[in-house]
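Working notes, beginning with the structure itself.
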Amino acid sequence: MNFKSRFKGLFKTVSTIAVVIGAAVGCSEVNYDMGYDFIPESQRMTLCFDTLSGVKTYLYRYDSVLSSNTGFMFLGRQKDETFGQRTNSCIVQYLPVAMPYKGGFGIEPIIDSMFLRVEISSYDGDTTVEQKFNVYALNSDADLCYDSLYYANIDVEEYYNADSLLFTFNYSGRGNIATRMEPTALGRELMNKLVRVDTSVYNNDDKFRSNFKGFYITPDQSSPAKAATYQFNLENAYMQLWLRDHDSIDQAKIKDTLTSWYYFYDGKEYKSLSVNAAEYDYAGSTLGALEASTNNFTDTITIQPTIYVQTWGGVVSRLRLPNSLVEQLNQLKYTKDANGNSIENSILINQAMLYVNMSDYVEGNMATVDKMDNAPQRLGSYLNMRTSGTAGYTPAPIPDYMYDLEKSQQMSDEDYVLPYNGYLNRSNGYYELNISSYIQQVMKGTMKQDIILAPSAYDFMGYGQIALDGLTQRPMKLSITYTLIKK
């Protein structure tokens with residue numbers, strides 16, 4: 001084998017590469033237009049940037065938030081001068097863990113007390129204010145099914161009666177402690193029934209649910225309005241029934257103190273149900289005046305200079321791209337030749353960023369910081385808020401905000417975020433929404449010119465509310481980067 005000839009070819013190749021690299025390194029400037037003249041004029045592209053305004057803003061209300069079997073129980077009351085009063089209540093079923101003894105509750109058990117233990121996952125409002133809560137028995141004919149879908153606007157009065165009060169308890173955000181539930185006469189009857197019922201009921205969940213339908217828990221009307229709403233994790237929420245039994249030999253003698261545990265499981269695994277409800281009262285608030293003037297937030301004629309977004313089925317906002325703005329977008333495709341004649345180009349939207357500003361934003365101001373802390377940290381953009389599907393009524397997003405895709409991608413890449421963004425920029429006090437695909441389709445006339453601005457798809461039951469500038473201090477801006485292609 002002739003190694004010399006092989007290396008001779010290699011040296012020749014390396015020399016050629018070295019010359020090319022040396023020539024490239026020797027350049028002091030890079031001419032990015034090099035070769036542009038060789039592109040046919042009809043195929044040349046121009047990158048442009050424009051900022052447009054003129055988005056019209058309205059208010060909207062969407063209260064069909066899916067709220068069953070979430071794994072959480074929301075309770076409490078909160079009031080705000082701008083956003084009104086929100087009351088959270090919950091329908092919940094419970095199941096036994098085990099009886100104190102294999103055979104039941106011992107000899108002649110004496111009922112003592114019932115305690116509730118909950119764990120705070122999140123909260124909104126003033127947790128130092130103590131609230132009173134009422135626990136009602138669900139109706140014996142309450143037709144609730146664990147595999148059905150229920151929404152935050154559920155009519156709870158269909159499932160309980162006001163004269164079925166079992167317990168009351170007081171609660172503030174003191175942490176994860178057990179709270180004594182004070183029984184009414186009906187509550188005492190329930191506690192006795194839990195002990196006296198046939199032990200076979202404790203060994204069969206279906207039998208247990210037939211005998212003990214569950215609770216409806218809600219703030220008492222006498223509780224302070226300016227308090228807090230709490231999110232409790234049902235996995236760590238339970239009741240403890242305390243009792244004592246008697247000695248088998250000397251039945252006048254107390255033998256032991258016993259406890260029986262009942263957990264608030266929900267979901268298909270346990271065939272149990274929880275449904276969270278939300279009720280708003282806007283009377284006396286800023287939104288209360290708007291509720292009256294906009295026909296319960298359905299008016300799409302009167303433009304609102306300030307708009308609002310609430311979680312939990314509260315007020316959201318409608319953005320409309322008027323024909324005049326769409327015409328501005330379409331005019332971007334026209335340029336003039338050297339003779340001043342108008343030329344129509346094809347237009348490709350590279351990026352369309354909508355900037356939605358906080359209302360009354362003051363940089364470095366603590367009140368502004370509080371507003372950002374209390375705001376939804378991300379907003380979603382939707383074409384329709386009530387699309388029927390296998391998962392019930394769910395929002396239909398704009399093409400840029402396909403939230404199902406984001407969730408499926410996060411299963412393999414937890415850091416994946418859609419280019420849509422939608423997050424609150426705390427440094428500048430605005431939400432940044434990439435709506436490029438939507439704008440492209442609006443320009444083609446293939447998509448309606450309305451967007452509903454609401455909480456992100458997985459935060460409808462979170463906590464947050466925010467006032468936004470529509471046409472006031474810092475109006476919305478649509479910044480567009482686009483490419484013009486000569487036809």
Side-chain angles (χ1 to χ4, degrees), residues 30-37 39-57 317 319-338 342-358 361 378-383 397-403 405-406 409 415-453 456 468-471 474-487:
V30 178
N31 184 359
Y32 292 104
D33 293 329
M34 186 180 294
Y36 185 76
D37 291 337
I39 301 174
E41 188 173 348
S42 61
Q43 297 177 23
R44 293 181 184 178
M45 298 182 291
T46 306
L47 188 65
C48 307
F49 177 82
D50 271 286
T51 300
L52 305 178
S53 58
V55 177
K56 294 184 177 180
T57 52
S317 296
L319 312 183
R320 176 169 295 165
L321 276 60
N323 292 335
S324 58
L325 180 56
V326 177
E327 181 61 27
Q328 288 183 61
L329 290 168
N330 283 313
Q331 285 298 318
L332 297 176
K333 69 178 69 171
Y334 292 96
T335 57
K336 294 185 181 296
D337 61 16
S342 181
I343 301 173
E344 182 180 357
N345 304 277
S346 295
I347 185 170
L348 174 66
I349 301 297
N350 302 98
Q351 189 178 70
M353 304 300 297
L354 181 65
Y355 295 94
V356 183
N357 296 293
M358 288 177 58
Y361 172 79
R378 193 184 194 190
L379 296 182
S381 296
Y382 308 93
L383 298 170
I398 64 171
D400 305 271
Y401 183 51
M402 303 302 290
Y403 53 84
L405 174 63
E406 184 173 67
Q409 287 288 336
D415 296 325
Y416 177 76
V417 177
L418 289 168
Y420 166 80
N421 193 2
Y423 286 98
L424 175 62
N425 183 318
R426 296 177 66 95
S427 299
N428 298 292
Y430 60 68
Y431 292 90
E432 187 178 58
L433 284 60
N434 186 335
I435 57 173
S436 308
S437 297
Y438 171 75
I439 291 296
Q440 185 81 63
Q441 294 193 39
V442 165
M443 293 176 67
K444 291 179 179 178
T446 57
M447 191 155 288
K448 66 179 185 177
Q449 296 166 212
D450 282 21
I451 294 178
I452 296 172
L453 199 62
S456 63
L468 303 166
D469 279 334
L471 304 171
R474 300 192 300 164
M476 294 183 192
K477 298 291 184 181
L478 183 62
S479 297
I480 301 180
T481 304
Y482 57 98
T483 301
L484 294 179
I485 307 170
K486 290 189 176 182
K487 290 185 176 181

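- Side chains of I347 and M443 form a contact here, defined as non-hydrogen atoms less than 4.5 Å apart.
- Here the closest non-hydrogen pair linking N434 and D400 is O-CB, 3.3 Å.
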Original post:
Given the rule in the salt bridge (Lys or Arg N to Asp or Glu O under 4.0 Å) test, do E406 and R378 qualify, once you have shown the distances and angles that lead to the verdict?
Top reply: CA-CA 14 Å; E406 184 173 67; R378 193 184 194 190; 2.8 Å; yes
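- Under 3.5 Å, the side chains of Y355 and E432 contain a donor-acceptor pair of N or O atoms.
- Counting only distance, with no hydrogens or angles, the side chain of Q449 and the backbone of L321 share a donor-acceptor pair below 3.5 Å.
- For the residue pair Y420 and S381, a side-chain donor N or O sits within less than 3.5 Å of a side-chain acceptor on the partner.
- Judged as a side chain to side chain donor-acceptor pair (under 3.5 Å), and not counting sequence neighbours, T57 has no contacts.
- Within the model, atoms CG of L332 and CD of E327 stand 10.0 Å from one another, a figure rounded to the nearest 0.5 Å.
- Taken from CD1 in I435 to CD in Q351, the straight-line distance is 11.0 Å, to the nearest 0.5 Å.
- When all heavy atoms are compared, the tightest approach of Y334 to E344 is CE2-CB, 3.4 Å.
- For the 3.5 Å distance criterion, the side chains of N345 and T335 qualify, holding a donor opposite an acceptor.
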**OP:** Would you check, one step at a time, whether the test side chain to side chain contact (heavy atoms under 4.5 Å, CB included) holds for L424 with Y430?
**Re:** CA-CA 6 Å; L424 175 62; Y430 60 68; 6.0 Å; no
Original post:
Checking side chain to side chain contact (heavy atoms under 4.5 Å, CB included) for the pair L468/Y431: CA distance, chi angles, key distance, verdict?
Top reply: CA-CA 10 Å; L468 303 166; Y431 292 90; 3.8 Å; yes
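- The only option from D469, N357, L319 that meets the side chain to side chain contact (heavy atoms under 4.5 Å, CB included) definition with M476 turns out to be L319.
- For the atom pair D337 CG and K486 NZ, the distance stands at 8.5 Å (nearest 0.5 Å).
- Looking at heavy atoms from C-beta onward, Y401 lies in side-chain contact with Y382 at the 4.5 angstrom threshold.
- Of the possible donor and acceptor atoms, one in the side chain of S436 sits under 3.5 Å from a partner among the backbone N and O of A352.
- L383 has its side chain out of reach of D450: every pair of non-hydrogen atoms, C-beta onward, lies at least 4.5 Å apart.
- The closest donor-acceptor contact from the side chain of T446 to the backbone of Q441 lies under 3.5 Å.
- In this model, no donor atom of one side chain and acceptor atom of the other lie less than 3.5 Å apart for D50 and Q328.
- When each of L433, T51, L354 is paired with L478, the side chain to side chain contact (heavy atoms under 4.5 Å, CB included) condition holds for L354 and for no other.
- Between the side chain of R474 and the backbone N or O of G429, at least one donor-acceptor pair lies under 3.5 Å.
- The shortest side-chain heavy-atom distance between T481 and C48 does not fall under the 4.5 Å cut-off.
- From I398, atom CD1 reaches atom CD1 of I439 across 8.5 Å, with rounding to the nearest 0.5 Å.
- Taking CD of Q331 as the start and OG of S342 as the end, the distance is 7.5 Å to the nearest 0.5 Å.
- Y438 and M447 make their closest contact through CD1-SD, 3.4 Å (heavy atoms, listed as atom of the first residue, atom of the second, distance).
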